[in-house]
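Contents: one structure, followed by commentary.
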There are 2 protein chains.
Amino acid sequence: MPRVNRPPSDSPGGAPTLDEVARRAGVSRATASRAINGGNRVSPAALAAVEAAVLELGYTPNPAARSLVTRRTDSVALVVPEPDERVFSDPFFVHTLRGVNRMLATRDLQLVLLLAKPGEEERRLLRYLGSRHIDGAIVVSHHRSDRLADHLAALGLPCAFVGRPWTSADKVAYVDTDNVAGGRAATELLVERGCRRIATIAGPGDMAAGIDRLDGWRTTMRAAGLSDDLVEHGDFTESGGEAAARLLLERAPDLDGIVAASDLMAAGALRVLAGSGRSVPGDVAVVGYDDVGVPERTTPQLTTVRNPIGEMAEQAVRLLLEQIDDQRGPRPIRVIFPPALVRRDSA
Amino acid sequence: MPRVNRPPSDSPGGAPTLDEVARRAGVSRATASRAINGGNRVSPAALAAVEAAVLELGYTPNPAARSLVTRRTDSVALVVPEPDERVFSDPFFVHTLRGVNRMLATRDLQLVLLLAKPGEEERRLLRYLGSRHIDGAIVVSHHRSDRLADHLAALGLPCAFVGRPWTSADKVAYVDTDNVAGGRAATELLVERGCRRIATIAGPGDMAAGIDRLDGWRTTMRAAGLSDDLVEHGDFTESGGEAAARLLLERAPDLDGIVAASDLMAAGALRVLAGSGRSVPGDVAVVGYDDVGVPERTTPQLTTVRNPIGEMAEQAVRLLLEQIDDQRGPRPIRVIFPPALVRRDSA
DNA sequence: GTCTCGGGTGGGAGCGCTTCCACTAGACGG
DNA sequence: CCGTCTAGTGGAAGCGCTCCCACCCGAGAC
């Protein structure tokens with residue numbers, strides 16, 4: 001139960017105001033305000049009195065009044081350009097969301113979720129972003145079509161992208177992982193293991209992560225003098241991975257390694273391999289990507305590439321807060337996190 | 001590109017204010033305000049002048065100032081009590097989220113996402129809800145443990161639950177589907193088809209939807225004089241469904257029908273059945289639940305129970321808005337939607 | 001012609017808060 | 001013992017908006 005005491009009959013109707021708190025504490029409104037906001041330049045006695053009054057009255061500052069004068073809203077938007085199921089079922093997105101939320105909570109900032117498909121909704125979104133409703137925006141960048149970064153840069157609103165934006169990447173702050181390096185690392189592991197006929201289940205061609213990981217795979221394959229023709233695209237889901245794996249096996253029954261662009265797709269592949277009687281990693285070695293939730297639950301457990309999602313979310317928030325605190329508008333800072341190979345049983 | 005003209009050198013530094021608009025339009029601030037808010041009791045000439053000024057200046061009302069006096073924030077919270085991956089990967093949740101968002105957009109309301117695990121975060125959540133940050137809350141109710149409804153009822157904040165809350169169901173408004181009826185309908189279909197050994201892959205035991213659907217299955221089985229012992233629980237995911245299906249086949253190789261509590265679990269079951277050489281619906285008839293996205297993509301296409309998610313979201317928002325408009329605090333209205341059997345190929 | 005009446009208008013009073021500034025005491029070095 | 005600080009305080013000025021209210025005036029009623 002909330003420990004807030006609803007104001008007795010003290011205040012006329014509504015919630016208690018700072019004035020009432022001040023009166024009750026026997027100080028001026030100015031002092032009460034100072035006491036509530038950190039207590040600088042307030043005597044211990046006054047501080048205690050105000051705190052007591054706040055408790056007794058169940059006072060909470062009126063956020064509208066506060067932000068009218070401070071010109072801050074203490075809330076930031078999380079913008080999701082195209083909220084189809086894909087975004088929400090992507091473990092990467094979900095963990096980012098939670099990470100961002102957690103970080104913001106520590107600074108007592110609120111998260112406003114903004115979903116908007118391109119088109120009319122996007123106009124609405126931009127209008128909203130430009131209307132002093134929020135202090136800044138974190139954008140989960142996913143699709144190639146999306147020109148949000150341009151708009152935000154033009155708007156002068158503090159923002160931080162998670163994932164390299166497709167446009168204006170030189171104008172806004174963003175965090176990302178080095179997906180090329182990740183794809184390379186995964187592939188190199190298989191090459192070193194002695195695999196020679198290595199396929200990849202790539203992500204969708206309109207998402208940066210998909211493209212870059214494929215790129216890493218391709219680079220490594222060529223460098224090792226191996227053929228880079230065994231590519232199938234999946235949609236980051238388990239069944240997508242399955243379908244791709246089946247196609248690959250059909251095309252190259254002799255394949256001995258699979259680099260998947262997501263753990264879910266790798267899990268699908270594992271199942272197909274098992275169904276076809278191939279042993280993992282004996283006949284075919286498999287590497288996944290992401291390392292959140294899935295790899296421990298497959299048989300065998302997936303070797304995979306881990307993204308430091310928590311740190312990325314943290315950093316994105318930090319980048320955003322810096323801009324907000326500086327009041328200097330968007331700044332082009334980028335922080336790229338290195339992926340890390342996590343060895344388990346599948347490779 | 002945003003068509004908003006950044007204020008020339010007209011306004012001293014910040015964004016244009018209503019005062020400037022009024023001055024430019026040659027009217028008083030009061031008239032400008034009226035013109036902007038619906039234009040009642042404003043002459044066509046004044047209206048046009050204000051609209052022109054707004055456009056020229058790129059004026060947007062300061063939401064803080066506005067809500068300070070109107071005592072409305074024009075934003076509502078979407079509360080997700082326990083944001084683990086399960087919630088986000090649940091297509092039901094995702095579609096509810098989008099539906100709610102869409103509905104709110106038509107009234108120009110904003111969605112504030114509030115994720116909170118029980119414990120410290122919940123205190124923070126309640127504090128926030130009680131602080132005039134938002135006009136009301138929509139709660140996605142999922143878990144048995146969650147006592148949010150109690151708190152909200154005590155707080156007097158307008159709210160609407162999607163899914164029957166575990167407690168205080170008689171004090172707050174909620175929408176739900178009749179999951180018992182849905183479970184029954186699915187099961188009856190199989191009984192009528194002539195299935196006699198019907199199993200169910202139930203949802204988690206701590207979620208209302210899971211329990212109720214299981215209940216419907218059980219009722220029907222007993223009414224038909226059939227055994228209700230073939231129950232396995234899944235976590236609403238594809239792989240959960242697979243695991244459950246495997247167990248069921250082990251326990252009852254002769255089963256001829258499966259009622260799954262979600263389409264994803266049904267999809268998993270289909271795969272296991274195919275793997276075991278059974279034909280669907282010839283050897284085993286299968287029914288899923290939800291009918292959003294999944295059923296058309298399986299082989300064979302899933303017969304399933306459809307929830308009118310869009311209408312539910314719409315109705316939830318409507319319930320909430322009624323309460324907000326009435327200013328009378330939470331009211332115990334419930335709207336239960338009937339599920340509908342959608343016949344495809346799997347049964 | 002005077003008397004309503006009501007649409008259209010502007011003045012002005014707040015909404016609840018932060019913060020600038022002027023002021024008072026004591027503390028302290030000279 | 002007298003400036004000179006500095007910590008603590010309250011008065012008061014807004015932040016940008018809505019909306020009550022008083023006011024004006026042209027149109028219709030008599």
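Here is the naming used below: chain letters follow the sequence lines, and residue numbers restart at 1 for every chain.
- With the nearest nucleotide of DNA chain D identified for both A:V27 and B:N62, A:V27 has the one nearer the 5' end.
- B:A64 comes within 4.0 angstrom of nothing in the nucleic acid, heavy atoms only.
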Stepwise, does the side-chain hydrogen bond (donor to acceptor under 3.5 Å, both in side chains) test hold for B:T31 with B:S28? CA-CA 5 Å; B:T31 300; B:S28 73; 3.2 Å; yes
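- Put simply, chain A comes within 4.0 Å of DNA chain D, heavy atom to any atom, from D:dA7 to D:dG16, going 5' to 3'.
- A straight line from CZ of A:R71 to P of C:dT18 spans 15 Å, rounded to a whole angstrom.
- Note on A:S43: only backbone sugar-phosphate atoms sit closer than 4.0 angstrom, heavy atoms only; bases stay farther off.
- One atom, CZ of A:R72, and another, P of C:dC17, lie 18 Å apart when rounded to the nearest Å.
- Taking atom CG on B:N40 and atom P on C:dG6, their separation rounds to 17 Å, with Å as the unit.
- Map B:L68 and B:G26 each onto its nearest nucleotide of DNA chain C; the residue landing nearer the 5' end is B:G26.
- For B:R41 and C:dG6, a side-chain-to-base donor-acceptor distance below 3.5 Å is absent, hydrogens and geometry of angles not being considered.
- Note on B:S28: a side-chain N or O is less than 4.0 Å away from OP1 or OP2 of C:dG10.
- Salt bridge status for A:R124 with B:D108: present, with a side-chain N to carboxylate O gap under 4.0 Å.
- A side-chain contact (heavy atoms from CB on, under 4.5 Å) with B:V162 is found for one member of B:L319, B:L97, B:T96, B:V317 and no other, namely B:T96.
- Between A:E20 and A:R24 there is no salt bridge, since no side-chain nitrogen of the basic residue lies less than 4.0 Å from a carboxylate oxygen of the acidic one.
- Summary of the strand contacts: A:N37 and B:R29 both lie near DNA chain C, and taking for each the nucleotide with the nearest heavy atom, the more 5' one is attributed to B:R29.
- Within the structure, a side-chain polar atom (N or O) of A:S33 is placed less than 4.0 Å from OP1 or OP2 of C:dT18.
- Under the 3.5 Å distance criterion, the side-chain polar atoms of A:D135 are matched with a main-chain donor or acceptor of A:D74.
- Between A:L111 and B:V112 the shortest side-chain heavy-atom distance does not fall below 4.5 Å.
- To the nearest angstrom, P of C:dG16 lies 8 Å from CZ of B:R132.
- Put simply, the side chain of A:S75 never gets that close to the backbone of A:I134: no donor and acceptor are under 3.5 Å apart.
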